[in-house]
A.B. asks: 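Could you have a look at this structure, given as structure tokens, before my questions?
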Amino acid sequence: MLAKLAQEIVNITSEVIGHDVLITDKDGMVLGSSDKPGNSCWGHTAKWKNH
């Protein structure tokens, strides 16, 4: 549920501001991203959480 909400926030925010958005939990697990896994635009080692 949290990941679904995070992804919804990311999608809307990215569309409004015209930039990539990333939401992670306190451990660095990606909950939502406007970028796709495997792309390197973030330049860090965030961990993808399987939904």
Side-chain angles (χ1 to χ4, degrees):
M1 176 77 170
L2 181 61
K4 183 178 177 182
L5 179 59
Q7 188 60 53
E8 200 171 316
I9 292 168
V10 162
N11 293 343
I12 293 167
T13 304
S14 178
E15 186 176 321
V16 169
I17 67 173
H19 293 281
D20 286 325
V21 176
L22 179 72
I23 297 177
T24 64
D25 67 10
K26 63 183 175 73
D27 298 318
M29 296 296 287
V30 176
L31 300 176
S33 174
S34 57
D35 191 21
K36 303 250 188 274
N39 289 353
S40 60
C41 78
W42 292 109
H44 62 76
T45 57
K47 303 171 221 165
W48 282 92
K49 182 174 185 175
N50 294 330
H51 299 31

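Since this is a predicted model, take the numbers as computed values, not measurements.
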A.B. asks: Please assess Leu22 against Asp35 for the test side-chain contact (heavy atoms from CB on, under 4.5 Å), listing each intermediate value before the final yes or no.
C.D. replies: CA-CA 8 Å; Leu22 179 72; Asp35 191 21; over 6 Å; no
A.B. asks: Can you name the side chain to side chain contact (heavy atoms under 4.5 Å, CB included) partners of Leu5, sequence neighbours left out?
C.D. replies: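 Leu5: side chain to side chain contact (heavy atoms under 4.5 Å, CB included) contacts with Ile9.
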A.B. asks: How far apart are the closest heavy atoms of Ser34 and Val21, and which atoms are they?
C.D. replies: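 Closest approach of Ser34 to Val21, heavy atoms only: OG-N, 2.8 Å.
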A.B. asks: To the nearest 0.5 Å, tell me how far Gln7 CD sits from Ile12 CD1.
C.D. replies: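 The CD atom of Gln7 sits 10.5 Å away from the CD1 atom of Ile12.
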A.B. asks: Would you say the side-chain atoms of Ser14 pair up with the backbone N or O of His19, donor to acceptor, closer than 3.5 Å?
C.D. replies: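 Yes, the answer is positive, given that a donor and an acceptor are paired below the 3.5 Å cut-off.
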A.B. asks: Going by distance alone, is a donor N or O of one side chain under 3.5 Å from an acceptor N or O of the other, for Asn11 and Glu15?
C.D. replies: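 There is no such pair (donor and acceptor under 3.5 Å, judged by atom type) between the side chains of Asn11 and Glu15.
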A.B. asks: Is a side-chain donor or acceptor of Asp25 paired with a backbone partner of Asp27 at a separation under 3.5 angstrom?
C.D. replies: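 A pair under 3.5 Å: yes.
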